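A short worksheet on the structure shown next.
On a predicted model such as this, the values are computed, not experimentally measured, just so you know. Both counts, for ligands and for their atoms, begin at 1 and track the order of listing.
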Amino acid sequence: MKVLVVGSGAREHALAWKLSQSPHVTKIYAAPGSDGIAAVAEPVAIKPDALNDLVSFAKEQKIDLTVVGPEDPLVNGIVDLFQRKNLRIFGPTAKAARLEGSKAYAKDVMSRHGIQTGGHKVYDKAEPAREYLNNCDYPVVIKADGLAAGKGVMICKTQEEAEAAIAESMVEKRFGEAGRRVLIEDFLQGEEVSVHAISDGHNILPLCLAQDHKPVGEGDTGENTGGMGTYSPLPQITDEQIAVLERDVVVQTIHAMNREGEPYKGTLFTGCMMTKQGPKVLEYNVRFGDPETQSIMMRMKGDLFEVLSATIDGKLDTVEVDWDPRSVVTVVLASGGYPRTYEKGYKIKGLDADFGPDVQVFHAGTKKVDGDWYTNGGRVMSVVALGSDLKDAREKAYAAVDKIHFDKMIYRKDIGFRGLRG
Ligand code: GLY
């Protein structure tokens, strides 16, 4: 079977790596992929937003299954387009992908179906939004309604900060059309967890729980990024809490989408806050998380191709997946200045080191020139390690990180700290 992975980050590298282990898979392409992903998937020079070119490629190459990494093509209807051309693709339709594409839509679905989430208001104009800020409690969360490349969520500690966020989004249009409408949400206290599940619209396959570290600095300080590291499992979250997350969030959402007439097929990644009143949904994502996927794929025991294929066929109940009981830690190596401005082209040393069987390096912003590796983005790579427990996995991950070097390399040294607090 021939598989096409759409995207070029460490998440897509992890997906291609896992797919490459399937006996069903004979060839993997990645569009556009990267020199790093080339170890498992042949790069194809087509960008993820070139939907018609992706269709033509899939037709020409007789691709048996396509899986999409980033959210934009899903929200822009890649699944609908492939389906119209009788091409097999894993993911939600554009209508179902509005769960991520419009935060206001997601809130409407949650309120119609009694799914627990924080209180919120939606504004299309700046003036009433500013008025609301006179009377709300702080901190408050201001979110651009649409897709804003992970930058559209602003936690504002004071009214002044909130007014600046409204101006940035609605007046200065920092996020373009995506920030024309904003949500002002209650700030929820608790521990944030990443809940992944795959659904064929009826059956649900919960994936293992992970926790991301979004701010760039240790102790969750500094600007928010796409995620600086993850770990799984989470020792501080009980099996009972996981069962509640599955029942009250995942099952409820899949049921809600059926009731809405928009059955959800694909990966549903829900960001949840574990509050004192129980889990509350912070946001939905209609794709695999990055860097959650790097940890999840490392623990998955089973055939990812079979899972994706069975989802497309509505037969997810026919596949079995187990989870490695060991712990995984993923550390993201980034280029200094990320998530704002950073330089590219620094030589990367140490990638040829012997990392051992429990470590994988998934490439994101890297490039190979004349046999040497160079940085080629802000998120450069993910270093992933399995260990007997969280402490061991963390030690192995950082031992591997110590073997890699490039100028201005930054990474968080505290991935997994919440799980180790005891
Ligand atoms: N790690 C967060 C995300 O993928 O959106």
Please state whether [X] comes within less than 4.0 angstrom of ligand 1, counting heavy atoms only.
| X | value |
| --- | --- |
| Arg287 | yes |
| Phe288 | no |
| Gly226 | yes |

Might you point out which heavy atoms bring [X] and [Y] nearest each other, and give the distance in Å?
| X | Y | result |
| --- | --- | --- |
| Tyr231 | Pro233 | CD1-O, 3.6 Å |
| Arg394 | Val329 | N-CG2, 3.7 Å |
| Asn203 | Gly314 | ND2-O, 3.9 Å |

Has Lys157 got more than 12 heavy atoms of other residues, nucleotides or ligands less than 6.0 Å from its NZ?
-> no
Answer yes or no: does an N/O atom from Glu283 fall short of 3.5 Å to an N/O atom of ligand 1?
-> no
Give the contacting part of Glu292 toward ligand 1: side chain, backbone, both or neither, where contact means a heavy-atom distance below 4.0 Å.
-> side chain
Ion pair present between Glu292 and Arg11, side-chain N to carboxylate O less than 4.0 angstrom?
-> no
Does Thr366 offer a backbone N or O that forms a donor-acceptor pair with the side chain of Thr375 under 3.5 Å?
-> no
Report the nearest protein non-hydrogen atom to atom 2 (C) of ligand 1: residue, atom name, distance rounded to 0.1 Å.
-> Asp212 OD2, 3.4 Å
Which ligand 1 atoms, with their elements, are less than 4.0 angstrom from a heavy-atom of Gly289?
-> 4 (O)
